[in-house]
K.L.:
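Right, I'll just put the structure down here and ask away after.
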2 protein chains.
Amino acid sequence: MDSKTRAQLLDAAELLLLEEGYAAVTSRRIAARAGLKPQLVHYYFRTMDDLFLEVFRRRAEVNVARVEEGIATGGPLQVLWQLNADLEGARFNIEFVALANHRKAIRNEIARYAERFRAAQLVAITAALDSLGVTNDQLPPIVALLMMTGLTQILALEDALGVTAGHDTTRAFVEQMIGRLDPNSVDT
Amino acid sequence: MDSKTRAQLLDAAELLLLEEGYAAVTSRRIAARAGLKPQLVHYYFRTMDDLFLEVFRRRAEVNVARVEEGIATGGPLQVLWQLNADLEGARFNIEFVALANHRKAIRNEIARYAERFRAAQLVAITAALDSLGVTNDQLPPIVALLMMTGLTQILALEDALGVTAGHDTTRAFVEQMIGRLDPNSVDT
DNA sequence: GTCTATAATCAGATAGAC
DNA sequence: GTCTATCTGATTATAGAC
């Protein structure tokens, strides 16, 4: 069965990761947060890497599904923007990329996911730009996608630092632009 | 005097940071890399935070100076792009932001630097867009700057993961665009 | 199947030797 | 001023109790 204890540990790990960064995610602190004994971490997850991977996969699945559903739901550009503009999600990504930088097993998993996520988003943005009459010469879909993703990453990164000058202006600008381009989009 | 040993430790720390991420930067590993004893780290730097800050400052000073010099030197857009497009520099930033996420003293220092760096870049890009006749309504300078920075960060981030699909296309696109806009720029 | 006691390792930091 | 021996505590992981 899917143990309740196991889920508690995963939840605690995810919270710690977002609040204090991956280096704070130790078996002791996870357990303390969940009100459990540290050794339980190693009962439910063989190594800390296994735990990190499970935390990552839970989110990754949700994100890929959201993009794939989102394509049909609303204005595709807006859906992609809002998905990327999720600050929590972006911080989550940053932590895992930093973590991946020195853990091989995790790097491979994240790279595979990043490619899957990228492909799903690319389909959506390619269709959107195409239907708007934007040619590949004017703005290749991959460039638009990387710009959007990059923009949201930097906003999240700076936000975490407490540096937010120009952020509102930037969000407003992008949302206004998307509003003009996406026919069936609505203000939030 | 500026001890040679001290400089060796800083160099080793910076290398470790870039190659294996900030979590690999421990007193033991720094010393091993420099061929010195771990305790020397604590002789030359009171705490590990002090060491991290010193590593950070060395680079930060260079970067700010480069922007300020760069404004006058060549096409401002191109100068800013090349500075941001430096993969090593971007990875350096990512590591420090992740580190800052759970070390207060470091966060403050990085935030102050980020603001200083941002201001210097903003002066340059504002002048550039202005001289090109781009109005604030068409593209606010801060948006252009965040887009450029975000783009380079995501390129560096993905590159570290081994995910590079679309990167060449994107770099070529941006450089071509800058080439058209910046009158006195040259191909690399 | 669930959890605990304990080992083995490694971290940052300090007090003190040269 | 330069470096080392050593302390204290934290971390991952395993072997074994219930």
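So you know, we letter chains A, B, ... as the sequences are listed, proteins then strands, and number each from 1.
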K.L.:
For A:D130, check side chain to side chain contact (heavy atoms under 4.5 Å, CB included) against everything at least two apart and list the hits.
P.N.:
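Residues passing side chain to side chain contact (heavy atoms under 4.5 Å, CB included) with A:D130: none at all.
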K.L.:
Show every ring-ring contact (aromatic ring centres under 6.0 Å, His included) that has at least one partner inside residues 7-39 of chain B, sequence neighbours left out.
P.N.:
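Qualifying pairs: A:Y22-B:Y22, B:Y22-B:H102.
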K.L.:
Ignoring backbone atoms, test whether B:S3 places a side-chain nitrogen or oxygen under 4.0 Å from the OP1 or OP2 oxygen of D:dG1.
P.N.:
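No, outside the criterion.
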K.L.:
Which residues within residues 18-28 of chain B lie with some heavy atom under 4.0 Å of an atom in DNA chain D?
P.N.:
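By residue number: none to list.
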K.L.:
Please give, in whole Å, the distance from C:dA13 C1' to B:I30 CD1?
P.N.:
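Whole-Å distance recorded here is 14 Å.
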K.L.:
Can you give each donor-acceptor pair under 3.5 Å made by side-chain atoms of residues 34-43 of chain A, sequence neighbours left out, with the distance rounded to 0.1 Å?
P.N.:
residue: A:H42; atom: ND1; partner: A:R46; partner atom: O; Å: 3.4

K.L.:
According to ring-ring contact (aromatic ring centres under 6.0 Å, His included), does anything in residues 104-124 of chain B pair up with another residue at least two apart or in another chain? List the pairs.
P.N.:
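For residues 104-124 of chain B, and leaving out neighbouring residues, the ring-ring contact (aromatic ring centres under 6.0 Å, His included) pairs sorted by first residue read B:F56-B:Y113, B:Y113-B:F117.
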K.L.:
Quick one: ring-ring contact (aromatic ring centres under 6.0 Å, His included) partners of B:F52, sequence neighbours excluded?
P.N.:
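Here no residue qualifies.
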K.L.:
Suppose the criterion is salt bridge (Lys or Arg N to Asp or Glu O under 4.0 Å): which pairs have a residue in residues 8-20 of chain A, not counting sequence neighbours?
P.N.:
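For residues 8-20 of chain A: A:D11-A:R58, A:E14-A:R58, A:E14-A:R59, A:E19-A:R33, A:E20-A:R29.
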K.L.:
Just to be sure I understand the geometry, which residues of residues 38-59 of chain B put a non-hydrogen atom under 4.0 Å away from DNA chain C?
P.N.:
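Those residues are B:Q39, B:H42, B:T47, B:M48.
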K.L.:
Rounded to the nearest angstrom, tell me the gap between atom NZ in A:K37 and atom C1' in D:dC18.
P.N.:
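Whole-Å distance recorded here is 13 Å.
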K.L.:
How close or far is atom P of C:dG1 from atom CZ of A:R6, stated in whole angstroms?
P.N.:
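In whole Å, C:dG1 P lies 13 Å from A:R6 CZ.
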K.L.:
Side chain to side chain donor-acceptor pair (under 3.5 Å): which pairs involve residues 149-160 of chain B, sequence neighbours left out?
P.N.:
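Residue pairs passing side chain to side chain donor-acceptor pair (under 3.5 Å), neighbours aside: A:R118-B:E158, B:E158-B:H167.
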K.L.:
Within this structure, what is the CD1-CG distance for the pair A:I125 and A:L145, rounded to the nearest 0.5 Å?
P.N.:
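A:I125 CD1 to A:L145 CG: 5.0 Å, rounded to 0.5 Å.
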K.L.:
Quickly work out the B:R29 CZ to C:dT9 P distance and round it to whole Å.
P.N.:
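In whole Å, C:dT9 P lies 17 Å from B:R29 CZ.
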